[in-house]
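Step one of this worksheet: look at the structure below.
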Amino acid sequence: MNTSLENLTHKMQRAALGKIVDVALSRAEQDREKTMCQLVDAAKQFYGSGFSDETYENAKKVLTDPDSKWTKLINCVLDQTDPHVARTTALNLGYEAFFRGTKMIRENRVKYQCNIPWLILFDPTSACNMHCVGCWAGEYGNKNNLSFEDMDKIVTQGKELGVYLYMLTGGEPLVRKKDVLKLAEKHNDVQFAIYTNSTLIDEPFCEEVRRLGNIAFMLSIEGTPETNDARRGEGHYAAVMHAMDLLKKYGIIFGTSICYTRQNIDAVTNDEFMRFLCEKGAHFGFYFHYMPVGNEAAPELMPTPEQRKYMIDRIRYLRSSACDIPFYPMDFQNDGEFVGGCIAGGRNYFHINSAGDAEPCVFIHYSNANIHDQSILEILHSPLFMAYHNGQPFNKNHLRPCPMLENPELLEKMVHETGAHSTDLQSPESVEHLCEKCKAYAADWQPTADEIWSHHKIRESRYENYKDWKPSQPLD
């Protein structure tokens, strides 16, 4: 009886918010400032005390300022996004994932006394049609695939815990186009984001994605044609350009996924490149520090301490009001201060590879659990995941968040104590071998990181481990 009432309330809430979004989008062309205020009011109505009154008022102030970076960015996205895609994204990412899902996740973290993630990353396949230098996925081959039933199980069980955002990686996820579209159609209340090399995006696929409305894309690109194709292969840059044109034509939301290395760091961050991405239709993106994962990794691609410091300064400038480029970059390795350190191990996300192995992070290829014989909740209670839960944050300096890259002795200790095994699908790598590649880097980075961190103003309300959180605490 209670479950039926809860489901009815959920459906009624979604329908009510859907009407608000419809009205807001229909009036967006005439009065964007009023539209933004309506959406913030709707957020407060559905989320209430989850955020402070000050947070809601600040959001209104920023979003109604025509000169603010956020306003310019949102306007760019609204101008090029198909109305159905915009509506579906607002409901799935805004309501289901951010508002309703976050409430469920918070309650379940207390109920189950383990990490419950906000998003789950999984690999439909190990197959990839490219072989990028230093990338483990290109070495895996077409050895493993998650069945449609496996992927459906991940999403179904994740939703029961409050997870409404799923990111697909690989391999190349679009090798499994048919099943990906089938999954998005079945779970039309979920937001999917696909990390792709772009080469398999074509017009018929875009037509289906627009119809569904709940798939966004993160396109791999690394600067100029020369810097990009040097690592990813000749012709890849041209394929990305074509994919961007198609996605923009069909009003599909997309951003970028950029691995920065010692060789390409300027090419993927300079003003000319950022403005070019905006012109092509990308207004947000993730930057990923090159990780020396796998026996065939290329540690020489890891950025120098000076380059990483530059990256920290550069990303913060690009996000600031001092920069007029309507692009919002996020840095997986350097934004720890905004999320309380390491987000892996289910704290905010975890990864399931194409063999079903549940890994704490897409870069940490060790596991005690597999989706084929365990539930999502059982995975989150597995020894390695609980070691993450109990050990986070791995460093009070959130510019040194990772138990592998900046604190390799901690990953080595956790893997040994939990009996986790290597999940590398091509050539199993011992944790000693992996961590040895990180020790010199960690030692070199520490003095610079500690110096930068010593000047940071620490947010007192930012908790670093969800076991310390109380249900009454707002998340701001």
Side-chain angles (χ1 to χ4, degrees), residues 81-82 84-85 87-89 91-93 96-97 119-132 135 137-138 140-159 163-220 235-236 239-240 242-255 257 351-358 362 370-372 376 425:
T81 303
D82 176 85
H84 174 63
V85 173
R87 182 185 193 275
T88 306
T89 302
L91 289 173
N92 291 2
L93 187 60
E96 300 289 3
L119 70 92
I120 295 175
L121 190 70
F122 64 87
D123 301 347
T125 181
S126 63
C128 185
N129 57 335
M130 295 179 63
H131 297 278
C132 303
C135 175
Y140 281 178
N142 188 14
K143 297 177 181 178
N144 295 283
N145 293 280
L146 292 176
S147 67
F148 176 81
E149 290 71 25
D150 292 332
M151 295 188 284
D152 182 41
K153 174 184 177 181
I154 291 168
V155 178
T156 299
Q157 293 186 356
K159 285 162 65 174
V163 185
Y164 279 80
L165 174 59
Y166 296 83
M167 293 185 172
L168 281 61
T169 56
E172 169 49 51
L174 297 187
V175 169
R176 299 283 303 285
K177 273 185 190 179
K178 183 178 178 181
D179 280 336
V180 167
L181 292 172
K182 181 179 176 183
L183 189 70
E185 180 140 35
K186 178 173 182 180
H187 296 282
N188 59 8
D189 56 347
V190 156
Q191 185 66 30
F192 294 93
I194 299 177
Y195 286 83
T196 174
N197 63 33
S198 302
T199 60
L200 301 177
I201 292 174
D202 54 25
E203 295 231 21
F205 179 65
C206 287
E207 290 174 358
E208 279 296 282
V209 171
R210 181 172 62 181
R211 179 183 69 82
L212 293 170
N214 62 338
I215 304 176
F217 294 88
M218 307 299 294
L219 309 184
S220 298
H236 177 256
V240 180
H242 179 61
M244 287 182 171
D245 292 342
L246 284 177
L247 293 172
K248 188 175 182 180
K249 172 184 174 181
Y250 282 89
I252 297 165
I253 295 172
F254 70 95
S257 172
H351 176 241
I352 298 174
N353 71 15
S354 57
D357 298 309
V362 69
N370 190 290
I371 193 64
H372 292 141
I376 295 292
L425 301 178

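Position 1 is the first residue of the sequence; numbering continues from there. Scope of the values below: all heavy atoms of this structure, side chains included, with no hydrogens, waters or symmetry mates.
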* Side chains of Ile371 and Ile376: closer than 4.5 Å at any heavy-atom pair? -> yes
* Quick one: are Ile215 and Leu181 in side-chain contact, heavy atoms under 4.5 Å? -> yes
* **Where Pro173 and Gly171 come nearest, the two heavy atoms and their spacing** => CD-O, 3.6 Å
* Does a donor on one side chain sit under 3.5 Å from an acceptor on the other, for Glu172 and Thr125? -> no
* State whether Glu203 and Lys249 are salt-bridged, where the test is any N-O pair (Lys NZ or Arg NE/NH1/NH2 against Asp/Glu carboxylate O) under 4.0 Å. => yes
* Structure fact -> So OG of Ser126 and CG of Leu425: to nearest 0.5 Å the spacing works out to 6.0 Å
* Sequence neighbours left out, what passes side chain to side chain donor-acceptor pair (under 3.5 Å) with Asn92? Give chain and number order. => Arg14
* To do: Please report the shortest heavy-atom distance between Ser220 and Val240, naming the atom on each side.
  => O-CG2, 3.5 Å
* Test side chain to side chain contact (heavy atoms under 4.5 Å, CB included) applied to Asp179 and Asn145, step by step -> CA-CA 11 Å; Asp179 280 336; Asn145 293 280; over 6 Å; no
* **By salt bridge (charged side-chain N to carboxylate O under 4.0 Å, His left out) - contacts of Lys153 (at least two apart)** => none
* Do any N or O atoms from the side chain of Asp150 and from the backbone of Ser147 form a donor-acceptor pair under 3.5 angstrom? -> yes
* Test side chain to side chain contact (heavy atoms under 4.5 Å, CB included) applied to Ile120 and Leu165, Ile154, Leu168, Val155, the passing residue -> Ile154
* Asked: Any idea which heavy atoms bring Asp152 and Lys186 closest together, and the distance?
  -> OD2-NZ, 2.8 Å
* Structure fact -> For Ala184 and Asn214 the tightest heavy-atom approach is O-ND2, 3.0 Å
* **Glu96 side chain reached by Val190 side chain, heavy atoms, under 4.5 Å** => no
* **Check against side chain to side chain donor-acceptor pair (under 3.5 Å), Asp82 and His84** => CA-CA 6 Å; Asp82 176 85; His84 174 63; 5.7 Å; no
* Do Arg211 and Glu185 have side chains that get closer than 4.5 Å, going by heavy atoms? -> yes
* Is a side-chain donor or acceptor of Asn370 paired with a backbone partner of Ala355 at a separation under 3.5 angstrom? -> yes
* Give the intermediate values and the outcome of side chain to side chain contact (heavy atoms under 4.5 Å, CB included) for residues Asn353 and Asn144. => CA-CA 9 Å; Asn353 71 15; Asn144 295 283; over 6 Å; no
* Main-chain N/O of Leu146 paired with Arg176 side-chain donor or acceptor, under 3.5 Å -> yes
* Asked: Does any non-hydrogen side-chain atom of Val209 lie less than 4.5 Å from one of Ile201?
  -> no
* Heavy atoms, side chains only, cut-off 4.5 Å: are Val362 and Met167 in contact? -> no
* Is the shortest side-chain N to carboxylate O distance from Glu207 to Arg210 below 4.0 Å? -> no
* Please list all pairs passing the ring-ring contact (aromatic ring centres under 6.0 Å, His included) test where one or both residues lie in residues 163-213, with sequence neighbours left out. => Phe205-Phe217
* Asked: If we only count heavy atoms from C-beta on, is the Ile352 to Asp123 side-chain gap below 4.5 Å?
  -> no
